[in-house]
Asker: 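Have a look at this one.
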Amino acid sequence: MTTIPRRLWQIAGTLAIAHVVLIPIGIALQGSPLLSDGRAGIVESYVNGDLTRTFTGGILEGFAFLLLIPALVFLARAFGRRTQAGGWAAQTGLMCGLAYVAVTFAVGFPAGAAAMYGAQHGLDVDAAFALNNMRIFCYFLSLMLIGGNVIGIAVSALADGVHRRWIGGFGLVTGAALLASTPLAGIGQQDWGGLLHLVWFLGVGVLLLRHREPAPAESPREPVAIGHS
């Protein structure tokens, strides 16, 4: 098993932490309306909102998701290297994570941006409401994908016996909460899984920064027999 240089662990940890830091900043700047806000929320946040501020928040959040990609690829390469089951879990987690990023970029961000831009340039409020709902339902479903990503990483960490408590054990709890968040969206409780994921991923970033590969065990030296001539 090839040893991964510590510098790469540190870079991946920095990317993971940067992702977690940028996400809430971007969301706060956008102030996008929720599903429960209805048409009134579209008028308040989109029609009367600050387009420059909202788009700046969207770009920051998009950059955070861009940073997530190399972090996820590193996790899939760093974990699951000792067993076939761990490798399978790591690759499955990577596919789920990349799909999560893809649907966010392809559906979530464009739908929200189009809704606000259109609302300020003559688009009917009902049409903007429909576009914004597409963004929201994309988020609800994407929670299942990021849940699959977290569970895959957690299983691979447990299989490797590396960072078993946080990345492994707490990762399984976090993944289960994310999977449950999609049906819980029906009662407006979908955000708990996302918040738990930010906490977990922040911890992952810290562990990657501090990670050190165990020193290889030295093979015992055989005593050298000294013969008599």
Asker: Please report the interatomic distance CG(Leu158) to CG(Leu172), rounded to the nearest 0.5 Å.
Answerer: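 One finds 5.5 Å between CG of Leu158 and CG of Leu172.
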Asker: Under a 4.5 Å side-chain heavy-atom rule over Ile, Leu, Val, Met, Phe, Trp and Tyr, are Val101 and Val204 clustered together?
Answerer: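 Val101 clusters together with Val204.
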Asker: Going from CE on Met116 to CZ on Phe55, what distance comes out if it is rounded to the nearest 0.5 angstrom?
Answerer: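 Here the interatomic distance stands at 7.0 Å.
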Asker: Counting only N and O atoms by type, is there a donor-acceptor contact under 3.5 Å from the side chain of Thr54 to the main-chain atoms of Leu51?
Answerer: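 No, Thr54 side chain to Leu51 backbone: no donor-acceptor pair under 3.5 Å.
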Asker: Please determine whether residues Phe109 and Ile136 belong to a single hydrophobic cluster, defined as Ile, Leu, Val, Met, Phe, Trp and Tyr linked transitively by side-chain heavy-atom distances below 4.5 Å.
Answerer: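 Yes: a chain of side-chain contacts under 4.5 Å links Phe109 to Ile136.
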Asker: Identify the two heavy atoms, one from Arg81 and one from Arg77, that lie closest to each other, and give their separation to 0.1 Å.
Answerer: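 Looks like CD-O, 3.0 Å.
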Asker: Evaluate the side-chain proximity of Leu179 to Ile151: yes if any heavy-atom separation is below 4.5 Å, no if none is.
Answerer: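 Yes, side chains in contact.
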Asker: Find out if a path of hydrophobic residues (ILVMFWY) with successive side-chain heavy-atom gaps under 4.5 Å connects Val150 to Val155.
Answerer: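 No, Val150 and Val155 fall in different hydrophobic clusters.
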Asker: Any side-chain heavy atom of Phe79 sitting closer than 4.5 Å to one from Val162?
Answerer: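 Yes, their side chains come closer than 4.5 Å.
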Asker: For the residue pair Ser142 and Val103, what are the closest heavy atoms and their distance?
Answerer: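 The answer is CB-CG2, 4.1 Å.
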Asker: Report the relative orientation of the aromatic rings in Phe170 and Trp166; use parallel for angles under 30°, tilted for 30 to 60°, perpendicular for over 60°.
Answerer: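 Because their plane-to-plane angle lies in the 30° to 60° range, the rings of Phe170 and Trp166 count as tilted.
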Asker: Taking Gly108's backbone N and O only, do any of them form a donor-acceptor pair with Arg135's side chain (distance below 3.5 Å, no angle check)?
Answerer: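 No.
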Asker: Any side-chain heavy-atom pair from Pro33 and Phe129 closer than 4.5 angstrom?
Answerer: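 Pro33 does not reach Phe129 side chain to side chain.
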Asker: I'd like a table of donor-acceptor pairs (distance under 3.5 Å, sequence neighbours excluded) in which one partner is a side-chain atom from residues 16-30, with atom names and distances.
Answerer:
| from | atom 1 | to | atom 2 | distance (Å) |
| --- | --- | --- | --- | --- |
| His19 | ND1 | Ala64 | O | 2.8 |
| Gln30 | NE2 | Gly26 | O | 3.0 |
| Gln30 | NE2 | Glu61 | OE1 | 2.5 |

Asker: Rounded to the nearest 0.5 Å, what separates atom NE2 in His163 from atom NE2 in His211?
Answerer: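 The distance works out to 5.0 Å.
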Asker: With a 4.5 Å limit on heavy-atom distance, are the side chains of Met134 and Val107 in contact?
Answerer: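 SC-SC contact between Met134 and Val107 confirmed.
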Asker: Grab the two heavy atoms, one from Ala159 and one from Gly86, that are nearest each other, plus how far apart they are.
Answerer: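 The answer is CB-CA, 3.8 Å.
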Asker: For Val47 and Ala119, work out which heavy atoms get closest and say how close.
Answerer: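 Closest pair (atom of Val47, atom of Ala119, distance): CG2-CB, 3.8 Å.
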Asker: Below 4.5 Å, heavy atoms only, C-beta onward: do Leu75 and Leu94 meet side chain to side chain?
Answerer: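 Contact flag for Leu75/Leu94 side chains = no.
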Asker: Applying side-chain contact (heavy atoms from CB on, under 4.5 Å), run through Leu184 and Trp192 and close with a yes or a no.
Answerer: CA-CA 9 Å; Leu184 287 176; Trp192 291 107; over 6 Å; no
Asker: With sequence neighbours excluded, what pairs up with Tyr100 under the ring pair (Phe, Tyr, Trp, His ring centres under 6.0 Å) test?
Answerer: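 Applying ring pair (Phe, Tyr, Trp, His ring centres under 6.0 Å) to Tyr100 gives Phe65.
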Asker: Supply the atom-to-atom distance Ile146 CD1 to Leu141 CG, rounded to the nearest 0.5 angstrom.
Answerer: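 Nearest 0.5 Å value for the CD1-CG distance: 14.0 Å.
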Asker: Which atom pair, heavy atoms only, marks the closest approach of Ala115 to Leu131?
Answerer: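 Residues Ala115 and Leu131, closest heavy atoms: CB-CB, 3.7 Å.
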Asker: For atom CZ of Arg6, is the number of surrounding heavy atoms from other residues, nucleotides or ligands below 6.0 Å larger than 12?
Answerer: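 Result for CZ/Arg6: enclosed.
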Asker: Can any side-chain N or O of Asn132 pair as donor or acceptor with the backbone N or O of Gly112 at less than 3.5 Å?
Answerer: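 No; zero donor-acceptor contacts below 3.5 Å.
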Asker: Mind checking the CG-CG spacing from Asn149 to Leu178? Nearest 0.5 Å is all I need.
Answerer: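 Spacing of CG (Asn149) from CG (Leu178) equals 9.0 Å.
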Asker: Under 3.5 Å, sequence neighbours excluded: what are the donor-acceptor pairs made by side chains of residues 35-45?
Answerer:
| from | atom 1 | to | atom 2 | distance (Å) |
| --- | --- | --- | --- | --- |
| Asp37 | OD2 | Leu34 | N | 2.7 |
| Arg39 | NE | Asp126 | OD1 | 2.5 |
| Ser45 | OG | Gly31 | O | 3.4 |
| Ser45 | OG | Gly41 | O | 3.3 |

Asker: Might you point out which heavy atoms bring Ala185 and Gln190 nearest each other, and give the distance in Å?
Answerer: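 Answer, listing the atom of Ala185 first, then Gln190: CA-OE1, 3.5 Å.
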Asker: Consider only side-chain heavy atoms of I, L, V, M, F, W and Y, link residues closer than 4.5 Å, and tell whether Tyr46 and Ile59 are in one cluster.
Answerer: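 No, separate clusters.
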Asker: Do Ile153 and Trp200 make a side-chain contact, defined as non-hydrogen atoms from C-beta onward lying under 4.5 Å apart?
Answerer: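 Yes, side chains in contact.
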Asker: Do Phe74 and Leu208 have side-chain heavy atoms sitting under 4.5 Å apart?
Answerer: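 Side-chain contact under 4.5 Å: yes.
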Asker: Can a donor-acceptor pair be found between the side chains of Trp88 and Gln91 at a distance below 3.5 Å?
Answerer: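 Note: Trp88 and Gln91 side chains miss the donor-acceptor criterion.
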Asker: Please check: side-chain N/O of His121 versus main-chain N/O of Tyr117, any donor-acceptor pairing under 3.5 Å?
Answerer: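 At least one qualifying donor-acceptor pair exists.
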Asker: Is it the case that over 12 heavy atoms from other parts of the model lie below 6.0 angstrom from the CZ atom of Phe63?
Answerer: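 12 or below, so no.
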Asker: State yes or no: do Leu145 and Leu195 share one hydrophobic cluster built from I, L, V, M, F, W and Y residues joined by side-chain heavy-atom distances below 4.5 Å, directly or via other members?
Answerer: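 Leu145 and Leu195: separate clusters.
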Asker: To the nearest 0.5 Å, what is the distance between CG (Leu66) and CG (Leu15)?
Answerer: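 These two atoms lie 9.5 Å from each other.
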